2 protein chains.
Amino acid sequence: MADTSRPVPEGARITVCEVGPRDGFQIEAAFIPTAKKIEIINALFAAGIRHMQVTSFVSPRAVPQLADAEAVLAGIDRPEGALITALIPNLRGAERAAAAGVDAVHTVVSASETHNRKNVNRGVDESLKDFEAVFALLSLAGVAVEGGIATAFGCPFEGVVPPEQVARIAKRYQELGAKSVGLGDTTGMATPATVRAAVQAIRAEAPGLGIGLHFHNTRGVGLACVMTGLAEGVTHYDASVGGLGGCPFAAGATGNICTEDLVYLLQESGYDTGIDLDKLIAAARLTQGVIGRDLPGQVIKAGPRLRRYDPGLTATAAG
Amino acid sequence: MADTSRPVPEGARITVCEVGPRDGFQIEAAFIPTAKKIEIINALFAAGIRHMQVTSFVSPRAVPQLADAEAVLAGIDRPEGALITALIPNLRGAERAAAAGVDAVHTVVSASETHNRKNVNRGVDESLKDFEAVFALLSLAGVAVEGGIATAFGCPFEGVVPPEQVARIAKRYQELGAKSVGLGDTTGMATPATVRAAVQAIRAEAPGLGIGLHFHNTRGVGLACVMTGLAEGVTHYDASVGGLGGCPFAAGATGNICTEDLVYLLQESGYDTGIDLDKLIAAARLTQGVIGRDLPGQVIKAGPRLRRYDPGLTATAAG
């Protein structure tokens, strides 16, 4: 991940990290057969996705949907250049992830004390202390760590999260050996202003640390936040195929920003994603079929920008 | 509308023009009773909306939904500072609009020849020629004209629309007496790059002419395009309550950018809209109830940014 405070120049490579198989699948109530998970993941690789969070090594009791983490990892393709990551909540998860052969793990601590206690039953500093053993283990195993910071743009229990709080955790991750942090917009509270403030605070506190941005489109402004990220020089964005995901506490709320919509925006803005949009749309349609309901992504419905209408159609007075 | 090529400074006033009662209602198959239309329009005024396209003076045979244009105009509130506009396709519409007492009309010509022929059965230059009589009539009647340019960011029949073509029409509107033009993203083909190109081309060709931007969220990037508009100094944006609207030719495609989501983005970015978001959400819920289906807006589902969750809730491992 580049660390620059200038806007990302046109033509630059942007990393689109697919997180649907983790952040999306985990909230689906009906178990998605392992073979179907693998089929979706492989279709995403075939579309050119190279950075993917494929599962989570959490307790199978807490998240039964991802109880097949090892089987998924054993079954998927590993195309040239792929970076396969998984979320881990603790040392036990780190052990499982390393044994299963991931390239990197994504740890998670919330920037807000209340959310962290509710999420992992620990204080923020307790979580950071626990990470010492996690980093030591993964360093020995040769597995990289992306330091995840949840509720980085606001907490649904505490409200405003000061950017200094996010920067302090980022700095601690850097001291532990992380090359990058991922800022999670857990419940869709990110806005251009909060994104700018968090990125700038981390740059000041932890120079050289890579930054990834993980937005949810809960309030419709996910891609507007990407515009701010690009203006701030951030080149790594998480997204979820079809816009899978959501929040179990916000009925009707949409999930992560949608991978196809993000890739469409980036490509039409002159960035290089290495992804084939048509194949990505096909992977999203496959996902939609497996999930069995309409997903919130828009490009999946409307198609690429220059898709032509039937010339026999007539228009209506329009503005 | 301000005409500057610098980014809109924080704290500046942004005009949010509500177009749901025109662009949204017109594609609804079931007739919305006139009293319900008036109730929604008045709720939007009560939320602080002051610029609204309330109907369209098109042929009642072409758009039966808006056959009650005169009755709607006669029944709505006119709060202090309101600017009430209506779309007109031709001289007959201009006569009706002037007689009904609008403050401004919004004319429409497509930037692409094919779309204009399909929309109004005329070439672009024929439409511009027809507007001479329209402007003359409205000038006598003391009614302002916003020059609408449809398919300004791309045409679903012709594909790419050169920005010079948009600028040429804008210049002609300026010569006819328009103080501003509205660039319509009729089928959701606008992207940050096409928005920047169109705005800059108009500024070069028709200095001093106001510019309004009218995006559809068909491919999910509507608010990203607003970010570009703001960076280019544009202070006028159309939007539709609840994200009403759409395109009769793109099944499942969403409609205009959503007014609540836009106002949320603008307010959280430090701009002044004069609109009360809570009251606007209430107006969107009222609209959703009248329309009888879930609308695509996100803030209507998730609520304002600092809405708190029940402290009794527990989280799940989240990123």
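The figures that follow rest on heavy atoms only: side chains count, while hydrogens, waters and symmetry mates do not. What you see is a predicted model; the values in this text were computed from it and never measured. Throughout, a chain's letter reflects where its sequence line sits, starting with A, and its residues are numbered from 1.
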Between [options], the one whose heavy-atom pairs under 4.5 Å with chain B are most numerous:
{"options": "A/Glu158, A/Arg308, A/Met227", "answer": "A/Arg308"}
{"options": "A/Ala190, A/Pro192, A/Ala193", "answer": "A/Pro192"}
{"options": "A/Cys258, A/Gly159, A/Ala152", "answer": "A/Gly159"}
{"options": "A/Gly220, A/Ala224, A/Pro156", "answer": "A/Pro156"}

For a 4.5 angstrom cut-off between non-hydrogen side-chain atoms, does B/Met189 reach A/Leu306? yes
Side chain to side chain, A/Arg305 and B/Thr194, heavy atoms closer than 4.5 Å: yes
How long is the span from the [atom1] atom in [X] to the [atom2] atom in [Y], to the nearest 0.5 Å?
{"X": "A/Gln267", "Y": "B/Thr191", "atom1": "CD", "atom2": "OG1", "value": "12.0 Å"}
{"X": "B/Leu223", "Y": "A/Cys225", "atom1": "CG", "atom2": "SG", "value": "10.0 Å"}
{"X": "B/Glu260", "Y": "A/Arg219", "atom1": "CD", "atom2": "CZ", "value": "13.0 Å"}

Does any backbone or side-chain atom of B/Val226 lie under 4.5 Å from a heavy atom of chain A? Answer side chain, backbone, both or neither.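 When you check distances to chain A, no heavy atom of B/Val226 falls under 4.5 Å.
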Heavy-atom distance under 4.5 Å to chain B: side chain of A/Pro304, backbone, both or neither? backbone
